[in-house]
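Below, chains carry the letters A, B, ... as their sequence lines are ordered, and counting in each starts from 1.
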Number of protein chains: 2
Amino acid sequence: MRRSVETALQVCPVEVGVAVLGGAWKLTIVKHLGKRPHRFGELGRAVGTVTPRVLTRQLRELEADGLVSRTVFAEVPPRVEYALTDLGETLRPAVAWLDDWGATYAEAHAGETHE
Amino acid sequence: MRRSVETALQVCPVEVGVAVLGGAWKLTIVKHLGKRPHRFGELGRAVGTVTPRVLTRQLRELEADGLVSRTVFAEVPPRVEYALTDLGETLRPAVAWLDDWGATYAEAHAGETHE
DNA sequence: CAGTATCCACAATGATACTG
DNA sequence: CAGTATCATTGTGGATACTG
C-alpha cells in the first residue's frame, strides 16, 4: 500500500478515497478510462495539458493502488493500454456523483474568479 | 473561488470535489461536523493530532469554499462553533460512500504495510 | 479558548530535453 | 509511441512559541 494511502487510513477510512484519487488529473483519468481503455498518448490528449512525466506518475500510482491496469503489447510501434480494474470500476458511482456535484458547484459559483 | 478549485474546474468538474475536500483532515472534519456542530478545540481532539495552525487553515478553506460556517459567540471564555452549511450537507452521501469504500479498501489490503 | 506568527521540510507538479 | 532524466518551483503540512 502506498504510504499516503496508509497515512490516510490511520486518520480515518473516509480519507482513503482522496488519497488514491487526490493526485492531479487522477479523477479525470479514471473518468476517461471509465468510458473505455486508452493508450498513453491518447489519454494525455484526453485529459488536457499534462506532461508525460506527470501522466506516467499518476498512472503508476493508480496502478499501485489497484485501480488501473497496464497492458503492454509487443508491437512496433509500441502500444500500451490502460484500463480500469474491477476495483477501479467500483469507483464509477463516486466519479459520476463528483462530476455532477462539481458541475453544480461550478454553476453556482460562476463568475467568481480568483484575482 | 479558491485558486485550487478554479484550477480543478478548468481541468474537469469532476476534480472540484477533491479540490475542496482534498486537504489534510478535511474529509474527517466534514464527517465529524456531519454529526453535529463542533467547537474549535473539540474538533481538534475529534480528528486527531492536528496542530491549531493546520486546523485553522483547513477550516478557513472549507469556509471559503462554502461548506462550513463559523459562528463566534461573544462570551468569556471565547466560543466558536463550526457547522456544515447547506452546501456542506449536500456532501453527506459522498462522505458516507467514501467512508464505506475506504473501509472496504482497507480490509482488502489489510496487512500490506509500506516498508 | 481559539487562535496567530515564524520558520522549516518535503512531496508533488511542471518545464525541458532526451531515449528504447 | 511511450516513456525517462534532470532541474526548478511552489504549495502544503508540521513544530514551536506566543496572544487577545
Side-chain angles (χ1 to χ4, degrees), chain A residues 2-8 10-12 15 18-29 33 37-65 68-83 114, chain B residues 2-8 10-12 15 18-29 33 37-65 68-83 114:
Chain A
R2 271 171 52 230
R3 192 176 46 77
S4 65
V5 177
E6 203 168 345
T7 304
Q10 285 164 7
V11 174
C12 181
E15 302 275 0
V18 292
V20 301
L21 293 173
W25 317 101
K26 272 187 189 171
L27 263 172
T28 309
I29 291 171
L33 292 184
H38 281 65
R39 301 176 60 171
F40 182 83
E42 187 183 17
L43 200 49
R45 287 185 297 274
V47 303
T49 57
V50 59
T51 61
R53 182 197 180 300
V54 172
L55 182 57
T56 299
R57 178 175 180 141
Q58 304 302 313
L59 287 167
R60 291 289 188 281
E61 290 182 357
L62 288 169
E63 199 186 347
D65 293 336
V68 162
S69 65
R70 177 175 181 267
T71 309
V72 181
F73 294 87
E75 302 173 4
V76 178
R79 182 159 68 100
V80 178
E81 264 193 9
Y82 293 90
H114 177 264
Chain B
R2 273 173 49 230
R3 192 176 48 77
S4 65
V5 177
E6 203 169 345
T7 303
Q10 285 165 5
V11 174
C12 181
E15 301 274 359
V18 292
V20 300
L21 293 172
W25 315 102
K26 272 187 189 172
L27 264 171
T28 310
I29 291 170
L33 292 184
H38 281 65
R39 301 177 59 172
F40 183 83
E42 187 183 17
L43 200 50
R45 288 184 297 275
V47 303
T49 57
V50 59
T51 61
R53 182 201 180 295
V54 172
L55 181 57
T56 299
R57 178 175 182 144
Q58 303 302 310
L59 287 168
R60 291 288 188 280
E61 290 182 357
L62 288 170
E63 199 187 347
D65 293 335
V68 163
S69 66
R70 177 175 181 267
T71 309
V72 181
F73 294 88
E75 301 174 2
V76 179
R79 182 159 68 100
V80 178
E81 265 194 7
Y82 293 91
H114 176 264

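Using a cut-off of 4.0 Å between Lys/Arg side-chain N and Asp/Glu carboxylate O, A:E6 and A:R2 are scored as not salt-bridged.
The distance between atom CD of A:E81 and atom P of D:dC1, rounded to the nearest whole Å, is 15 Å. Between B:F40 atom CZ and C:dG3 atom C1' the separation is 6 Å, expressed in whole Å. Protein atom CZ of B:R79 is 16 Å distant from nucleotide atom C1' of C:dG3, rounded to whole Å. Between A:R70 atom CZ and D:dT4 atom C1' the separation is 12 Å, expressed in whole Å. A:L21 has its CG atom 17 Å from the C1' atom of C:dA12, to the nearest Å. The distance from atom CD of A:E42 to atom C1' of D:dA2 is 13 Å, rounded to the nearest whole Å. A:E63 places its CD atom 15 Å from the P atom of D:dA2, with the value rounded to the nearest Å. Remark: C1' of C:dA2 and CD of B:E75 are 13 Å apart, rounded to the nearest angstrom.
Each of D:dA2, C:dA12, D:dG13 was ranked by its minimum atom distance to the side chain of B:R57; first place goes to D:dG13.
Residue contacts for A:F73: at a heavy-atom cut-off of 4.0 Å it reaches no nucleic acid atom on any strand shown. No engagement by B:G44 is indicated, since no non-hydrogen atom pair under 4.0 Å with the nucleic acid exists.
Of the residues listed (A:R60, A:R53, A:Q58), the one engaging A:T56 in a side chain to side chain contact (heavy atoms under 4.5 Å, CB included) is A:R60, and it is the only one.
For B:T28 and A:E15, the side-chain atoms include at least one donor-acceptor pair closer than 3.5 Å.
Summary of helix geometry: the two end axes of the helix from C:dC1-D:dG20 to C:dG20-D:dC1, each defined by five base pairs via their C1' atoms, are inclined to each other by 60° (rounded to 10°).
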Enumerate all atom pairs, one protein N or O and one N or O from nucleotides 14-16 of chain D, separated by less than 3.5 Å.
residue, atom, partner, partner atom, Å
D:dG14, OP2, B:W25, NE1, 3.2
D:dG14, O6, B:R53, NE, 3.0

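Between B:Y82 and C:dG3 there is a side-chain N or O to OP1 or OP2 distance below 4.0 Å. For A:R60, a side-chain nitrogen or oxygen approaches OP1 or OP2 of D:dT4 to under 4.0 Å. Close to D:dT12, at under 4.0 Å from its OP1 or OP2, lies no side-chain N or O of B:Q58.
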Next on the checklist: Does A:K26 form a salt bridge (charged side-chain N to carboxylate O under 4.0 Å, His left out) with A:E61? I'd like the steps, not just the answer.
Outcome noted: CA-CA 9 Å; A:K26 272 187 189 171; A:E61 290 182 357; 2.6 Å; yes
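With sequence neighbours left out, B:E81 forms a side chain to side chain donor-acceptor pair (under 3.5 Å) with B:R79.
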